[in-house]
Amino acid sequence: MAADAPVQLRLVVEAEDFEAALAFYRDALGLPEQEAYEGEGDARVVILDAGRATLELANPAQRRLIDRVETDGLESPRIRVAFEVADADGTTRRLEAAGATVVAEPRETPWRSRNARLEAPAGLTLTLFQALEPPEARSGQEGFGTSGARGEGSAEHG
């Protein structure tokens with residue numbers, strides 16, 4: 001990668017039950033397989049295309065706010081993976097049928113998305129979020145925008 005090329009975010013997760021995790025994330029969630037490698041001693045890795053990636057940094061107060069909104073306060077781990085989906089309700093049901101445990105049913109959030117919380121294979125806590133309006137429509141609302149434009153942190157959108 002050239003020095004001026006954009007950074008790629010790649011989240012690496014060890015999965016004890018590799019086949020179950022692969023079936024869940026590739027087949028049930030629908031992340032296309034991009035690459036796969038095998039090595040000595042039954043070493044395997046599959047790289048799934050998760051679309052556009054972002055790194056969301058939240059302070060402890062924001063994490064607690066998100067937990068209150070998404071789960072009525074059930075505390076999330078330090079790292080939680082959020083996927084934007086077209087249909088939060090349908091995807092929640094599909095992932096539940098594929099082995100995820102629903103922690104909180106889909107609900108509308110103050111940041112105008114429909115969010116669900118799940119415990120998924122490979123020990124990941126997931127948020128599924130469906131945008132109910134485009135970011136441009138939310139940008140003028142209280143608490144939205146960019147930290148540079150407002151001089152403060154912006155609300156989580158997923």
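Keep in mind the model is a prediction, meaning the values are calculated, not measured. Along the sequence shown, the residues carry numbers beginning at 1.
- For the atom pair CZ (Arg78) and CZ (Arg63), the distance works out to 10.5 Å, reported to the nearest 0.5 Å.
- Scanning all heavy atoms of the two residues, the minimum distance from Val69 to Pro110 falls at CG1-CD, 3.5 Å.
- For the residue pair Thr127/Arg80, the side-chain donor-acceptor check at 3.5 Å is satisfied.
- Listed by first then second residue, pairs satisfying side-chain hydrogen bond (donor to acceptor under 3.5 Å, both in side chains) with a partner in residues 40-55 read Glu19-Arg44, not counting sequence neighbours.
- Take Asp87 and apply the side chain to side chain donor-acceptor pair (under 3.5 Å) test, not counting sequence neighbours, and it matches no residue.
- At least one side-chain heavy atom of Leu22 sits under 4.5 Å from a side-chain heavy atom of Leu48.
- Both Leu126 and Val102 are assigned to one and the same hydrophobic cluster, defined by single-linkage of ILVMFWY side chains at heavy-atom distances under 4.5 Å.
- Taking CG of Leu118 as the reference point, atom CZ of Phe83 lies at 11.0 Å (rounded to 0.5 Å).
- A single hydrophobic cluster is seen to contain both Leu128 and Tyr25, as judged by linkage of ILVMFWY side chains at heavy-atom distances under 4.5 Å, directly or through other members.
- Put simply, the residue from Ile66, Thr101, Leu74 that forms a side chain to side chain contact (heavy atoms under 4.5 Å, CB included) with Arg117 is Ile66.
- In terms of heavy-atom proximity, Thr92 sits nearest to Pro106 at OG1-CG, 3.6 Å.
- Within a 6.0 Å radius of CD in Glu16, no more than 12 heavy atoms belonging to other residues, nucleotides or ligands are found.
- A side-chain N or O of Asp67 and one of Ser76 form a donor-acceptor pair less than 3.5 Å apart.
- In the hydrophobic clustering of ILVMFWY residues, with side-chain heavy atoms under 4.5 Å counting as a link, Leu95 and Phe18 come out together.
- Note that CZ of Arg94 and CZ of Phe24 are 9.5 Å apart. Values are rounded to the nearest 0.5 Å.
- The 12-atom threshold is exceeded at CD of Gln34, counting heavy atoms of other residues, nucleotides or ligands nearer than 6.0 Å.
- Considering every non-hydrogen atom in both Leu9 and Leu55, the closest pair reads CD2-N, 4.5 Å.
- A 4.5 Å side-chain heavy-atom check between Asp89 and Arg114 finds at least one atom pair inside the cut-off.
- Atoms CZ and OG1, from Arg68 and Thr109 in turn, are 13.5 Å apart once rounded to the nearest 0.5 Å.
- Linking ILVMFWY residues whenever their side-chain heavy atoms come closer than 4.5 Å, directly or via other members, places Val46 and Leu29 in the same cluster.
- In plain terms, the two heavy atoms of Ala88 and Gln130 that are nearest each other are N-OE1, 2.9 Å.
- Taken together through direct or relayed side-chain contacts under 4.5 Å among Ile, Leu, Val, Met, Phe, Trp and Tyr, Val13 and Ile47 form parts of separate hydrophobic clusters.
- Sorted by first and then second residue, the salt bridge (charged side-chain N to carboxylate O under 4.0 Å, His left out) pairs involving residues 100-111 (not counting sequence neighbours) are Asp72-Arg107, Arg93-Glu105, Glu108-Arg112.
- Side-chain contact between Glu70 and Asn115 is present, with at least one heavy-atom pair separated by less than 4.5 Å.
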